[in-house]
Amino acid sequence: MSKPTANWEKLGDKFYRKIQLYTAVFDQDLELENYNVVGAPYSGAVAIYRNEEKIHTYRSAGSAKASIDIYSCAGKLLRSIGWDKGTIKDVGWGEDEKLLVVTEDGAVRCYYDLQGDFIPFTLGHGAEEHGVVSCKFYSSGFVALLGNNHLVSVSNYNEPRPKLLAIPPPEPVVSWAIIPPAYSLSRSVEVILAIGTTLYVVDATDAEDRDFSAGPFRHISVSPKGEFLAFYTDDGKVWVVSGDWSEKLSEYSSRAKTVPKDMQWCGSNAVALAWEDEVHLIGPRSAAMKYYYDTWVHLLPDVDGLRLLTNDVCEYLQKVPDETVEVFRLGSDAPAAHLLEASSLLEQKSPKADDLIQLIRPSLAEAVDTCVKAAGQEYNIHWQKALLKAASYGKSVLDLYSSDDFVDMCETLRVLNAARFYEIGLPLSYDQFKRLTPERLIERLTNRHEYLTTIRIAEYLHLSTSHIHVHWAQQKVRHSVADEETICKLIVTKLHNKPGVSFEEIARAAYDEGRVRLATELLNYEPRAGKQVPLLLGMKEDMIALDKAIESGDTDLIFHVLRYLRKSLPLASFFRVINTRPVATALVESSAWDSDRDLLKDLYYQDDRRLDGCNLLLSEALSQNDLHASLDKLKLASKYLQDSKDHTFQRQQLDDAQKLLRLQEQFEKDLAPSSSNAPLSSSVDKFVGLSANETIFTLIRANHNKRAQKVQSEFKIPDKTYTWLRLRALVAARHWNELEEISKTKKSAIGWEPFFKEILAAGNTRVASVFIPKCTSLSPAERAEMWAKCGLLVKAGEEAVKAKDRALLEEIKSKASGSATVELERMLSMMGQGKR
Amino acid sequence: MAPVTPFNSTEITEKARRDLLLLLEGVRGKKNLVLEKALAGPLNLLVKFSTLQEYGVDKPFFLENDNADSSQRNVVFLVRGEKASTVVAVADQIKRIRRDSQIEHEFSIFWVPRRTVVSDQLLEEAGVLGEASVSEWPLFFVPLANDVMSLELDDSVSDLYLRKDPTSIYLAAKALMQQQQKYGLFPRIIGKGDNAKRLADLLIRMRTEVTAAGESNSNSHTSFLGLTPSSTIDSLIIVDREVDFPTVLLTQLTYEGLIDEVFNISANQIEVDSSVVGGAAPQQGQTGSASTSMKRKVNVDPHDSLYSELADANFAIVGNLLNKVARRLQSSTERNQLAAKTTAELREFVAKLPGYQAEQTSLKLHTSLAEEIIKFTRTDMFTRSLEVQQNIMSGADPSTQHDLISELIARDVPLPTILRLICLESTTNAGMRPKDLEFFKRAITQAYGPQHLLTLSSLEQMGLLSPRGGASLGLPAARPGSVTNYTPLRKSLRLWDDDVNEADPNDVSYVFSGYAPLSVRLVQSIIQKQTLANLIKPPSHPSASASANPLAQGLRIFDDATKYIRGATFDETQTGEEKAVKARSMLNGNHGDAAKTIVVFFLGGVTRAEIAALRYLALKLKQSGGEGRGSRIIIATTGVIRGEDLVGSAIEKGRFQY
C-alpha cells in the first residue's frame, strides 16, 4: 500500500494533494480540447458540449449533430441531450444538479432531473436583440451578460424572474465574475466586470468604478466563499484581493507569455492557472507549484478543491486537511500519529504498542478524534480502515468516550465509498457530503436511476424512501411497455401503504404520458384529497375535483375549482353542480356579493330564494345615487315577494320604506328655505335617509308638529315612542315653554320621571322642577332627592316633612347653606315638636 | 431531558418574528410596506416598528387607504390572501403605482398565512404576477398572552355564521396541525358544535394526509414521533361559538372585558382620548400611521403586573384593588426613604425605583381608565340594558323586559346595544314569539332606518334571531339539537348563580355577576367534573363528598348537557403506533398525568370574560390537591370578540343618502 503522503506536495507551508479519482474517463477519440466542460457542484455530473469556435474534424453526419452530453465523473454517459435550438452560449449547473442551457437569443432551459425534462423561460430585457455573450452561474441562479453589456440576473429557478441589474458602461468587457448572494456583503448578487483597465462592481442598484489602472484583467475568479478575489493581469501577474476590496493580499508573476485559458480557485487558499496541458497552483506569498499533463486539461472548481479532468484521468486537487497532516506528516509527533503507529504495532503483536499509548495517554481523546476526522478525509479504503482501527483502539483504552462521532463516521464512510464507486461516480469529499446533505445525495442518486443503491443508502441512514419509490414508479409509468393493468398492479402492490408515497405524482406522470386510464386508477390511491384536485381538473373530471376539494376543506382549492367551473360550464349547469353542495353554494354566494351580483341574482331566481333575492335588491337600492332609482329598486324588491304568502311582513316593510322616502322628499321640498312655509326653520334639515323616528325628531325640533304627527299616524308609531321622541326633540331644541305646556297635561305615556331627567340633564333646573310634583309614583325620599338636584332644598325639606322623615330632613339640612338653612332649621324644629 | 412545553407563546412569537424579518431581509434596500389594516395589530405585537425600520422599512401604508406612494423602489405588500377582494386590491395598487411612477419598482407580496392558488390566478389575470415576487409569511397563532393564542381572523364570525364560508375552520386546522406536528397528537379531541365537528374531522383527516405526505422536507425524526399522541398535552376541547351566543351578547363585567366593551382592545392596544390618560408622548414602536392628535394608543399589556392582577377581576372590586395598590406604593416608597440609612439600603432602594415608577405610571393609567369606565357604567343606558340582561339570564319571563327594550329603542341608544338585547332574548329562549319578533323588527326599522331589514335578515341567517318554532309561520317545531335550550341547562349546569361573590370568587359566575358562561361550564364538565358536580348537586353528607358524587363519573354532566345544546357532539381519541408511543414517552420522560396542557379552542371567537373564567379554572386546577393535577389551560381561538363585533358583522352599513 502506497504511503498516503505519496501524492502530497508542499506549497509554501501547506501541503496539497492530488488524488486520482478515476482513470480511463473518456474515450480517447473524444477531442476534449474542442469541448466546453462544466461540472456540477459537489462532485456532480459533468456536461460537455462542442465549442463552436473551434474547428473540428468532420466525421460523419451522425456524430456531427450537436448535443450536450452529461457524464458522471467516472466518465459514464448519463444522458445525451440532442440540441437543435440555436447556438448555445453557455451551460451551467445549479444546486440539485439542475442543468441550465442558455442560447444566444436569451432562451433558457432548466433541465431539472438529468433526464432531459426541462422548464423553459426567456431572459427578456433585450436579450433577443443584443444576444447573450456569456453567463456566470451560482448555486441558485445566474447572471447573463448581453451584447450591450447589460446584465440580467435570475435568482431562482422555481419562479425565474429575470431582473436587469444596474447598467455598466458600454465598453467591451474583458472578463467578468460574480459574487453569489450568499457571500456578498449586500446579500444579493454582485458582478465584477473588467472593462478597459479598471474594474466595475455592479449590483441591482448601481455600477461602481473601482478605480484600477493595472488592467486589462484577463481573468477574474472569486473564491468559493467569496472571501478572496483573484485577477490575472495582462502582464502575467496574479493579484489576490480580499473580498471586501480592503487590501491586496499577494501578487504573483507567472512570467508566462501566453494568457492562461482558465483561472480558478482551489479551495480558498490557492489559485490554479491552466494552460493547455499545464496547471500552476499559486499559494499565498507567491509560492507556486506546477503540474504537467500529456493532454488537454479542464478545471472544474468545487467548494473545497478543484477537479482536474483529462481524457485519461479525473483528479482531485485539494489542500491536505489539517487532521490528515497531523496524522501522516513525516516525522509528525502529534498524538494521533502515535496512535496510528501504536495500532499498527498492535497488529504486529508488538509490546511497544502499549508504550506508545502510555506516552500519549494525556491527549488520547484528542488523538482519537483526530483519527476519526482524518478517516473521513481519506479516499483510500485501506487508510480509512487503518485510521478507524486506530481510533477504535484508542477508544478502548479510554474510560469515558462518546462513540457517536465514531459511529457517524463509519456510517458516512460507507455511504461515501458507495457513492464514489466508479459505476456511480460521485467522488464526494467529506466536506462536500456534509454540505450537500444526505437527502440531496439521495436525490442525486435517484435522478441517476440507481434505485437499489439509493434505497439501501436511504434505509441505512434512516431517511424517507418514499420519494425514491415515487420516482421509480414514475419511470415505470413512462417507459414500461407492459399493459396498463399490469403496471398499475405492480405499482400498487409495491407502494401501497408505504407512508409518504404520493400517488398523485405518479398519476400525473401517467397522465402526462397520455395514459389517462392508468392515471385515474392510480389517483384513487392518493390519500390527500387536495393533492388530487389540480390533476383531476386537468383530466376534465370536474365533479370529482369539486368533491375532492370540498373533502379537503381547503377553501382555496374549492374556489379554484369553482372559478374553473364557472368559466367552463354554462350557467344553468354550473348552478346544478353547486346546488347539491352547500359549501360550494355558500362560497359562490359570499364571493359573488363582492364581485358578481348578477350571478347572485340568477342564482336566487333559479332556486326561488325570494327573500334573498329581495334582500339583494334592497342592498342595490341602498347603493343607488339617485332617490328615484332607489325607489324603483325597492318597488322591484317588493314585487319580488308578491306571490309568496310567507313574506307579507317583509313586503309591508319595503312598502313603508318607499312611503317614508317619498314623505321625506316631500318634506325637504316643502321646508326648503326659499319657500315661505317654514319661516321658523333657520337651517335646512335633511330628511331623506333618516329613519321614521329620526324624521319625527327632526320635525319636532324644527317645530313642525303637524307633520310629525302625520308621520306617526302613517307608520303607526306607538305613543310611548312618540312621546319620548317629542321630549328629546324639544329638549334638544330648548323649547322650554312647550315643555312647560306639557307639564300641564294630565297624562303622559311614559310617566313624568323621564321628563325630569332629560330636562335636568340639559341643565334647566327650573323647568325640570316643574315635573317633580307630577312624579307621584315615586317615594318622597326620591322626590326630595330630585328637588335637591334642582337646588331647591327647601322644597326637598317640605317633601321630607310631608313624609315625616326626620333623618332625611337632617341630611338635607346638612347640605344646605344660607337662607335655606334657616328655613330647614325651622322645619326641623316644627317636626321635632310634632313628634314630641 | 426537560419536557417540551407545547403552545409556548415566546416560541411562537419568535418564530413568526424570524420568519417575517427573514422575508424582509430578502428584499434589498429600503422599502415601503403596504399592509392590511387587520394585520397592523398582530404585526405590532410581534415586531417593533423600530425593528422593521432596521430591516429597511421606510414608510408603512394601509392597503385600504390606497395611498402607497412611489417614494421607494421596493414596495412590499403584507396581506391576507384568502379573500379575492384583497388580492384584487393588491393587483390594482401595483398597477396604479406602476402607471403613475417614473421609476421602475420591485414589488414583493407576502401572503399571510399562505399563498393561494386563487391569488396567483387573480394576479395573473391582472397581469402583475410576473412582476411581483411572491412569498408567504406563515403567521397562524399570534400569542396575545402566555395562555391566549389567537389567529386574529377578524372576519371569522361573519365568514362562519353569516356567509357559511369555512375558510377559518381550515386555517384553524392548519394552525393546530402545526402544533400537533411539533408536540404530538392531541390524545383526545372533544367538543360541541357543527363547525367544531368539522374542525375535528379536518384535524383527523389532515393527520392521515400528513402521514401520507411523510414530511419529506423536515427530518424524519420529528415526523416519526410527531404523529403519535403527545405526552404533554391532555386534550383539545373545541367549542363552536354557535353553541353559546348569549355569552358573547352579554356585557362583560370583568375589568378587561369592560375595557374591551368601552375602548375596543385590538391586539392588546386600545385607543383612548388623550384627555383621559394624559398627554404623554405617544409611545414609540408602533406600527401603522400616527394616530390622530386627539386619540392615543395605549398598550394594555398582559405582562404588566398590575394589569394582570386587575384584568380578570370583576369590575365591582377594581376600585378597591387600585386603592390598595396605591396605598402600598405610597407607603413602600415613603417608608423606604425614611428607613434607608446605610448606603447599602439606599442602593437597594434606588435599584427598586424604576420598578416603582413603572408601577406608578401603570397605576395612573388604570385609575384613569377605571374612572372612564365608571362614567360609562353610570349611564342610564348601561344600567338599563344590564338590568334586562340579568333578568333574561336568571330566567325571568322575557316578555316582562319588552317595555324596557322598547324604551331604549325610543331613546335612540346605539343599535348594537339593542340588537344584543334582542338577540340575547332570542338565543336564550329558543327564539321569540313571532308576534314579538315582528314588533321589534318594526320598531328597529322605524327607529334606525329601513336598511336594517338587511341587518335583521343577516341576524336570522346567523341564528341570532329566530321565531320560536310555532305553527303560525308554517315552520316545523324546533328539532332537537338545532337550538340551545337554556331552560333545562340553567338547572343542570347551574348557569345562574344567585349568591355570587365578586370580591372573592368561588365560581366562574363572577365574570358576569351571576351568569356562568355556558361555554366555560362545558369545559368544566370535561376537565373539572368533581367541582362542578358538587356545585350542581351539593352532597348530602359532607363526609361522602370527597370523590363520590355520582354526577362526576365519566362524562355524565357533559352528555346530559349536550343533549340540550345545538350542534354535533364528538369525542375522538387519537392513538398512534404502540412502538412510537413508547418511544415518545421514553424520550420525554414519563411524568404520568401531571402537568399536562389542555387546549381549549374557541371556533368563532372568545370573549375576554370567558378568558377570565377559564383562567380562574386554570388557577383552581393548579392548586394542589385539585382535580387538574397541575394542568395548564391554553386558550386558542380564531379571534377575541365582543358582542358588538358579533352583531356588528350583521349590521348593514349602507343607508339611503344622495
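In what follows, chains are A, B, ... by sequence order, proteins preceding strands, each numbered from 1. What you are looking at is a predicted structure, and each value in this text was computed from that prediction instead of being measured.
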- Message: Assess whether a salt bridge exists between A:Glu694 and B:Arg655, defined as any Lys/Arg side-chain N lying under 4.0 Å from an Asp/Glu carboxylate O.
- Response: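 B:Arg655 and A:Glu694: not salt-bridged.
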
- Message: So that I can tick it off, tell me whether B:Glu106 and A:Lys163 are bridged by a salt bridge, with the cut-off set at under 4.0 angstrom between side-chain N and carboxylate O.
- Response: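 Yes.
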
- Query: Are any non-hydrogen side-chain atoms of A:Thr721 and B:Gln446 less than 4.5 angstrom apart?
  - Reply: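 Side-chain contact under 4.5 Å: no.
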
- Message: For a quick test of reading the model, state the closest non-hydrogen atom pair linking A:Ala586 to B:Lys164 and the distance between them.
- Response: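 Heavy atoms only, the tightest pair is CB-O, 3.5 Å.
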
- Message: What I want to find out is whether B:Arg198 reaches A:Glu551 closely enough, with some N-O distance under 4.0 Å, to be called a salt bridge.
- Response: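 A:Glu551 and B:Arg198: not salt-bridged.
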
- Are side-chain heavy atoms of A:Lys720 and B:Asp403 found at a separation under 4.5 Å?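 A side-chain contact exists here, since the closest heavy-atom pair is under 4.5 Å.
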
- Task: Among the options A:Glu758, A:Glu589, A:Arg728, A:Gln664, pick out the one with the most heavy-atom pairs lying under 4.5 Å from chain B.
- Result: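 Among A:Glu758, A:Glu589, A:Arg728, A:Gln664, the one with the most close pairs to chain B is A:Arg728.
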
- Within residues 452-460 of chain B, residues adjacent to chain A where the heavy-atom gap is under 4.5 Å: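 Interface residues of residues 452-460 of chain B: B:Leu453, B:Leu454, B:Ser457.
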
- Residue, of A:Asp554, A:Val688, A:Asp612, that accumulates the most heavy atom pairs under 4.5 Å with chain B: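 Looking at each option in turn, the highest pair count goes to A:Asp554.
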
- Item | Winner by heavy-atom pair count (cut-off under 4.5 Å) against chain B, out of A:Asp626, A:Leu557, A:Val583 |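 Of A:Asp626, A:Leu557, A:Val583, A:Asp626 has the most heavy-atom pairs under 4.5 Å with chain B.
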
- Query: Does the pair B:Arg442 and A:Phe649 meet the rule for a side-chain contact (heavy atoms from CB on, under 4.5 Å), with working shown?
  - Reply: CA-CA 9 Å; B:Arg442 184 176 292 117; A:Phe649 174 77; 4.0 Å; yes

- Using heavy atoms and a sub-4.5 Å threshold, report which of residues 404-412 of chain B line up against chain A, by residue number.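 Within residues 404-412 of chain B, near chain A: B:Glu407, B:Ala410, B:Arg411, B:Asp412.
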
- Task: Could you tell me whether a side-chain N or O of A:Thr555 sits under 3.5 Å from a main-chain N or O of B:Pro166, the two making a donor and an acceptor?
- Result: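 The answer is no, because no donor-acceptor pair under 3.5 Å joins these two groups.
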
